[in-house]
Amino acid sequence: MKNKSDLRQELESINRRGYPAYKSLRGQYDFGEFVLSIDHVQGDPFASPSNLSVEIPMRRTGFPELYWKEDYARTALEDCILRRFSDALSKNSFKAKGSGKSGLLATSRPGQEILHRSALVIAKGKLTARFEAGFPANGRTINAYELEKMLFDFLPPAVIQSLYYKNWKKEILQKNYELSVDQHFIREELPKRKLVAFLGEGSILPRMSGVSSKPLRDAVPLSVPESLKVELELPFRGKMFGMGIPQGVTLIIGGGYHGKSTLLQALEQGVYNHIAGDGREYAVTEDTALKLRAEDGRSVRNLDLSLFIHNLPNGKDTKCFSTADASGSTSQAAAVMEGIEAGSHTFLIDEDTSATNFLVRDEFMQKIVHGDKEPITPFCARVRDLFDQAGISTVLVAGSSGAFFHVADTVIQMDAYRPLDVREKVAHFLPEYPLPAFEADAFALPGSDRAFWGKPVKQGGASARRSGRGYGKDDRPDNDGSENRSGNRGREERIKTKVMSTDGFSLNHDMVDLRYVKQIIDSEQTAALAKMMKYVLTHLSGTVSVDRLAKMLTHQIEQDGLEPFMDGYAYCGLAMPRIQEIYAMLNRYRGQTPEKKDK
């Protein structure tokens, strides 16, 4: 391995040459305190920045093993270190001068949520921090002395101050660890206490604005109704009270602007842990909870919707239903069935973003449009069966229809951001407003062996094509010797990805629309999903079920983290999505199908 003196000499040798000469710097350099890797060099100063990483054995960093032994504690430590490393780099960004992106030093800047990210990873006994750098140039002529300042003057202090335990205030890391343990404890307690969520008393749920997830100043702290109060003995914080949302059917009601949607948003984002000071660090929702809404115009493919939609006037089969332009009710029915397939145990629904005719149909309408003329079985008729027979809870915000009062186990009224348990009040009025009878077939969940519609890859063994399976970790072409890496790399590079924040991504000309998948809270999760879909289209041979494909991707992540999706070089812009978002990505892909391709 080369050392930093070698890097200095190479910089001197290419100074004032054409920009492509920078590519000669690729490789690893021993700086003593860390190893610097120059993994990818940008084509010119106006192109995407170069990708670099630093690597240090964990035993040398000095961070106590206790802080990174368990997965949840390690993710919290990675997040904490990354925030400091990101701040240290940003202080020196663009201090080196030049054209285009010259002088840029940056890595991921996490938000309020704690996510596993490719930017900083503790694995296999080492700490790896990835970042971007804009290699300086005057026009397109190399300015090596400015890059020397970046790599020798700016980078080492940022690394040493951020990635070595001895330079941290010990109480910061201890508190970070303690919070991660307490949050993990709450998550483990939820199923034991038959809760879908716990919201700590005094939590600050309102956010600063629609574009800022920081807590709102002077917001009303969460109070807890006595009947919903739950006491926990946290490992470090000790005794804590909070509002428990029980399993079953929970209805959230209240006037406009009283906090209904704010509470639901806290629940939907409670699937992630939050940093100290966020206000929601003790607002925890069970991991699989899924926000559902109508999505007019989305594609639905090969899906069994018969639980909600049947007897279509055009005779179309709803047990294997496909459309390129779903209505609001059809799209929401599809979201329910896809959520079941993804293993979600809780559905979160806001009446404001739902299709009205999917949620409920009143008695007057049933008198006018008889049941045999209405192909939609409303969600209100299925919500009890979803819990009683499938164990799937629902938390629903309602502001106009009282039909769900009849099927709710818990009713929470939000009054000026203060929750009230009004179940007894509701029970008093139920006899005066009987629930209309719904005509619905017997409840039955469909199977999950549903084909993924993706572009087939012609390379690969004939047996793989006949069996219709996707490639696993050990039988990919680039692992079994039947195809070299350069051939596989060629297929990957022909698929160009473009990420549009959290709204979705494109693969060449195919758009995957994720605007309404509201639990994607970071553009780096979208980027990871784009890389996963690219990986799928590169390695998929024949047809494979959506369920198996999603599980194959999650297994790959469990084995190797996000590295298989980094395009072969360091990439600091990926964050871990949940399996629910992986299913959502696969379900919204509109690309050409193997069946149509074969025809």
Looking only at the side chains, is there a donor atom on one of D547 and S545 sitting less than 3.5 Å from an acceptor on the other?
no
Short side-chain donor-acceptor distance under 3.5 Å, E351 and S400
yes
Just do the side-chain contact (heavy atoms from CB on, under 4.5 Å) check on L514 and T502 with the steps written out, would you?
CA-CA 7 Å; L514 301 173; T502 58; over 6 Å; no
So, is the end of the K316 side chain (NZ or CZ) under 6.0 Å from the ring centre of F321 and within 45° of the ring's axis?
yes
Determine the minimum heavy-atom distance between [X] and [Y], stating which atoms define it.
X: S180; Y: Y72; answer: O-CD1, 3.6 Å
X: T346; Y: E286; answer: OG1-OE2, 2.7 Å
X: T285; Y: L267; answer: OG1-O, 2.6 Å
X: C320; Y: N302; answer: SG-OD1, 3.6 Å
X: S393; Y: G248; answer: OG-N, 2.9 Å
X: G328; Y: A355; answer: C-CB, 3.6 Å

How far apart are the C-alpha atoms of R301 and E338, what are their side-chain angles, what is the distance that settles it, and do they pass the salt bridge (Lys or Arg N to Asp or Glu O under 4.0 Å) test?
CA-CA 11 Å; R301 288 172 168 175; E338 291 165 351; over 6 Å; no
Please determine whether a side-chain nitrogen of the Lys or Arg among [X] and [Y] lies less than 4.0 Å from a carboxylate oxygen of the Asp or Glu.
X: E341; Y: R450; answer: yes
X: R298; Y: D513; answer: no
X: D278; Y: R207; answer: yes

Answer yes or no: does atom [atom1] of [X] have more than 12 heavy-atom neighbours from other residues, nucleotides or ligands under 6.0 Å?
X: F236; atom1: CZ; result: yes
X: E424; atom1: CD; result: no
X: R418; atom1: CZ; result: no
X: K319; atom1: NZ; result: no

So, does [X] use its side chain to make a donor-acceptor pair with the main chain of [Y] at under 3.5 Å?
X: H310; Y: S306; value: no
X: Q580; Y: G339; value: no
X: H345; Y: I392; value: no
X: R578; Y: Q519; value: no
X: D409; Y: V249; value: yes
X: S331; Y: S327; value: yes
X: Q183; Y: V181; value: no
X: T526; Y: G504; value: no
X: R423; Y: A408; value: yes
X: S118; Y: L574; value: yes

Atom [atom1] of [X] and atom [atom2] of [Y]: how far apart are they, to the nearest 0.5 Å?
X: D79; Y: I114; atom1: CG; atom2: CD1; result: 5.0 Å
X: L307; Y: L445; atom1: CG; atom2: CG; result: 6.5 Å
X: I275; Y: Q112; atom1: CD1; atom2: CD; result: 4.5 Å
X: L348; Y: K518; atom1: CG; atom2: NZ; result: 14.5 Å
X: E581; Y: Q525; atom1: CD; atom2: CD; result: 6.5 Å
X: Q413; Y: L251; atom1: CD; atom2: CG; result: 11.0 Å

Do [X] and [Y] make a side-chain contact, defined as non-hydrogen atoms from C-beta onward lying under 4.5 Å apart?
X: F443; Y: L386; value: yes
X: M576; Y: L562; value: yes
X: P419; Y: M414; value: yes
X: M240; Y: Y282; value: yes
X: R382; Y: F308; value: yes
X: T75; Y: N273; value: no
X: H184; Y: P235; value: no
X: R280; Y: L199; value: no

Audit row: L190, F198, side-chain contact (heavy atoms from CB on, under 4.5 Å) steps and yes/no
CA-CA 7 Å; L190 293 179; F198 173 88; 3.9 Å; yes
Salt bridge (Lys or Arg N to Asp or Glu O under 4.0 Å), that's the test. Do R187 and D287 meet it? Break it down for me.
CA-CA 8 Å; R187 292 194 182 279; D287 296 341; 2.9 Å; yes
Tell me, with the steps shown, if R117 and D522 meet salt bridge (Lys or Arg N to Asp or Glu O under 4.0 Å).
CA-CA 11 Å; R117 299 175 185 268; D522 193 296; 2.9 Å; yes
Can you classify the ring geometry of F379 versus F404 as parallel (below 30°), tilted (30 to 60°) or perpendicular (above 60°)?
tilted
Please walk me through it: do T410 and I245 pass side-chain contact (heavy atoms from CB on, under 4.5 Å)?
CA-CA 8 Å; T410 305; I245 306 293; over 6 Å; no
Would you please test K229 and D421 for salt bridge (Lys or Arg N to Asp or Glu O under 4.0 Å) and show each step?
CA-CA 10 Å; K229 185 172 285 188; D421 183 357; over 6 Å; no
Apply the test side-chain contact (heavy atoms from CB on, under 4.5 Å) to residues Y589 and L507: give CA-CA distance (whole Å), side-chain angles for both, the deciding distance (0.1 Å), then the verdict.
CA-CA 10 Å; Y589 175 65; L507 296 162; 4.3 Å; yes
